[in-house]
Amino acid sequence: MPDATVQALGIAADRRPSEAMIRRLLQALDPDLLTMVIGAWLADRTLADVPAGRRAIAVDGKTLRGSRTADTAADHVMAACDQAAGVVLASTDVDGKTNEITRFVPLLDQISDLRNTVITADAMHCQRDHVTYLAERGAHWILTVKGNQPHLHKQLTRLPWKAVPDAARDDDRGHGRREIRTLKILTVSTGIDFPHAAQALQIRRRRRRLDEPKRFTTETVYAITDLHVHQAKPAQLAAWIRGHWSIENKIHWVRDVTYDEDRSQIRTGTGQQVMAALRNAAIGALRAAGITNIAAANRHHARDSTRPLALLGIT
């Protein structure tokens, strides 16, 4: 490492840390505290770039497959991601003694201000306690409903969807396939047994490979939201729902492919969770700088040690 870089980092020139020392330090860090500090830093960098309207945050989990051993299951982490920026704002470990449901509140507690934010989450988080918490924080929500809420799911499927016109429609082609997405919306002031629910949503996705024009697969998903008609247009609701699904590509895919996370063999102490937090920090810093090709950006910054410092504002 060049002397100028060492000096910029505040390291004594004659006492440079060894690889073993850095490894022991990372394995001893508190991953929750680290992710809270990183998330706050990234939130400050991305908040100014939020477009007019509400910020949308997707809550989603990921298994760190490389942490699995012969005697222990793989570690699992849950993250809160800014949909528009593709930046992880908060993250928490989900150990084997609990599940994602119990970590929902501790995760979002890391974000200081949720007022007027829209939280999107999958069916596991369609919980009454969760929406009560979000209401207390001044946040709105869009939650998928599946079989884990059988009574609510049955109520949604029995609504008169056939009589409801499409409120939004998208037709995308890419990666050798075509996907048609439609969204129907019903106001549900009464008849839905879930607190604060204002609208029911039906999302239908029809997909086909471009080389098989007559073979469509259809998936129908239901969701509910506390947002009223005057608070969000159909196109915006559709964008937030699509944005939640896109986190898989913006965050998880980058960590798996660009950073090869699933093959990481770090298992000592909190090393696996800390490295996951640092990968999120790297992705977030690059995206906050307007960079979309993370792999190319990694190569660019690796060629000159002053470039990462400039990216982080260290001079």
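Computed from heavy atoms alone, side chains included, the values below leave out hydrogens, waters and symmetry copies.
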**Message:** Strictly distance-based, threshold 3.5 Å: is any side-chain N or O of Thr144 a donor or acceptor partner for the main-chain N or O of Ala223?
**Reply:** no

**Item:** Rounded distance (nearest 0.5 Å) linking atom CD1 of Ile11 with atom OG1 of Thr5
**Value:** 9.5 Å

**Asked** Would you call Arg128-Asp193 a salt bridge at under 4.0 Å N-O?
**Response** yes

**Request:** Decide yes or no on side chain to side chain contact (heavy atoms under 4.5 Å, CB included) for Val188 and Ile224, but give the supporting numbers first.
**Result:** CA-CA 9 Å; Val188 289; Ile224 50 176; 5.8 Å; no

**Asked** Does Ser91 offer a backbone N or O that forms a donor-acceptor pair with the side chain of Thr35 under 3.5 Å?
**Response** yes

**Item:** Hphob cluster co-occupancy, Ile241 + Val59, side-chain heavy atoms under 4.5 angstrom
**Value:** no

**Prompt:** Mind checking whether Asp171 and Arg206 have side chains closer than 4.5 Å, heavy atoms only?
**Reply:** no

**Asked** Does the side chain of Gln110 come under 3.5 Å of the side chain of Thr92 through a donor N or O and an acceptor N or O?
**Response** no

**Asked** Is it the case that one hydrophobic cluster holds both Met275 and Leu312, taking links as side-chain heavy atoms less than 4.5 Å apart, direct or via other members?
**Response** yes

**Distance in Å, Ile57 CD1 paired with Thr120 OG1, rounded so as to fall on 0.5 Å steps** = 9.0 Å

**Prompt:** About how many Å separate CG of Leu34 and CG of Leu29, when rounded to the nearest 0.5 Å?
**Reply:** 6.0 Å

**Complete:** Between Ala276 and Arg255 the two heavy atoms that sit nearest each other are CB-NH2, 3.6 Å

**Asked** Looking at Ala198 and Asp226, what are the two nearest heavy atoms and their distance?
**Response** CB-O, 3.6 Å

**Request:** Heavy atoms only: give me the nearest Leu183-Pro234 pair and the separation to one decimal.
**Result:** CD2-O, 3.6 Å

**Message:** So which atom in Leu156 and which in Ala200 form the shortest heavy-atom distance, rounded to 0.1 Å?
**Reply:** CD2-CB, 3.6 Å

**Request:** Not counting sequence neighbours, which residues clear ring pair (Phe, Tyr, Trp, His ring centres under 6.0 Å) with His153? List them please.
**Result:** Tyr222

**Prompt:** For the residue pair Leu227 and Gln199, what are the closest heavy atoms and their distance?
**Reply:** O-NE2, 2.7 Å

**Request:** Using the test side-chain hydrogen bond (donor to acceptor under 3.5 Å, both in side chains), find all partners of Thr217 that sit at least two apart in sequence or belong to another chain.
**Result:** none

**Asked** Does any non-hydrogen side-chain atom of His125 lie less than 4.5 Å from one of Trp141?
**Response** no

**Message:** side chain to side chain contact (heavy atoms under 4.5 Å, CB included) for Leu159 and Val164? Distances and angles first, verdict last.
**Reply:** CA-CA 10 Å; Leu159 291 174; Val164 179; over 6 Å; no

**Request:** Tell me, with the steps shown, if Trp240 and Arg54 meet side chain to side chain contact (heavy atoms under 4.5 Å, CB included).
**Result:** CA-CA 10 Å; Trp240 285 329; Arg54 306 178 193 274; 4.1 Å; yes

**Message:** Keeping Lys146 on the side-chain end and Ala123 on the backbone end, is there a donor-acceptor pair under 3.5 Å?
**Reply:** no

**Message:** Can a side-chain donor-acceptor contact be found between Arg169 and Thr182 if the only test is distance below 3.5 angstrom?
**Reply:** no

**Item:** Spacing of CZ belonging to Arg16 relative to CE belonging to Met21, to within rounding of 0.5 Å
**Value:** 14.0 Å

Hey, can you pull the donor-acceptor pairs under 3.5 Å for the side chains in residues 289-298, sequence neighbours left out?
unit_1: Asn293; atom_1: OD1; unit_2: Ala295; atom_2: N; d: 3.4
unit_1: Asn293; atom_1: OD1; unit_2: Ala296; atom_2: N; d: 3.0
unit_1: Asn298; atom_1: OD1; unit_2: Tyr259; atom_2: OH; d: 3.2
unit_1: Asn298; atom_1: ND2; unit_2: Tyr259; atom_2: OH; d: 3.2

**Asked** Excluding sequence neighbours, so at least two apart, what forms salt bridge (Lys or Arg N to Asp or Glu O under 4.0 Å) with Asp129?
**Response** none

**Prompt:** Is a side-chain N or O of Gln231 found less than 3.5 angstrom from the main chain of His228, in a donor-acceptor match?
**Reply:** yes

**Asked** Is any side-chain heavy atom of Met36 closer than 4.5 Å to a side-chain heavy atom of Asp32?
**Response** no

**Request:** Indicate if Val229 and Leu186 have the same hydrophobic cluster label, given that clusters are the connected sets of ILVMFWY residues with side-chain heavy-atom separations under 4.5 angstrom.
**Result:** no

**Prompt:** Side-chain contact, heavy-atom cut-off 4.5 Å: His130 with Ile101?
**Reply:** yes

**Item:** Candidate list Arg205, Arg181, Arg242, Arg207, test salt bridge (Lys or Arg N to Asp or Glu O under 4.0 Å), partner Asp172, passing option
**Value:** Arg181

**Asked** Do you reckon Ile142 sits in the same ILVMFWY cluster as Val131, going by side-chain contacts under 4.5 Å, direct or chained?
**Response** no

**Asked** Stepwise, does the side chain to side chain contact (heavy atoms under 4.5 Å, CB included) test hold for Arg204 with Thr218?
**Response** CA-CA 7 Å; Arg204 178 163 290 182; Thr218 302; 3.8 Å; yes

**Request:** For the residue pair Gln127 and Gln149, establish whether any side-chain heavy-atom pair is separated by less than 4.5 Å.
**Result:** yes

**Message:** Membership question, hydrophobic clusters at under 4.5 Å side-chain separation (ILVMFWY): are Ile192 and Leu143 in the same one?
**Reply:** yes

**Request:** Keeping the roles fixed (side chain from Arg287, backbone from Lys250), state whether a donor-acceptor pair exists under 3.5 Å.
**Result:** yes

**Prompt:** Between OG1 of Thr117 and CG of Leu89, what distance do you get to the nearest 0.5 Å?
**Reply:** 9.0 Å

**Apart from Phe216 itself, residues in the same hydrophobic cluster as defined by side-chain heavy atoms under 4.5 Å** = Ile180

**Request:** Answer yes or no: is there an ion pair linking Arg103 with Asp93, defined by an N-O contact shorter than 4.0 Å?
**Result:** no

**Whether over 12 other heavy atoms sit under 6.0 Å from Arg208 CZ** = yes

**Asked** Among pairs that include at least one residue of residues 281-315, which meet ring pair (Phe, Tyr, Trp, His ring centres under 6.0 Å), considering only residues two or more places apart or in two chains?
**Response** none

**Asked** Between Ile203 and Trp245, is any pair of side-chain heavy atoms under 4.5 Å apart?
**Response** yes

**Request:** Output yes when a side-chain donor or acceptor of Glu100 lies under 3.5 Å from a complementary backbone atom of Met78, and no otherwise.
**Result:** no

**Message:** As an exercise, state the distance from CD1 of Ile283 to CG of Leu278, rounded to the nearest 0.5 Å.
**Reply:** 11.0 Å

**Complete:** Tightest non-hydrogen contact, residues Gly86 and Ile251, listed as O-CD1, 3.0 Å

**Asked** Ignoring hydrogens and geometry, is there a side-chain-to-backbone donor-acceptor pair from Gln202 to Trp161 under 3.5 Å?
**Response** no

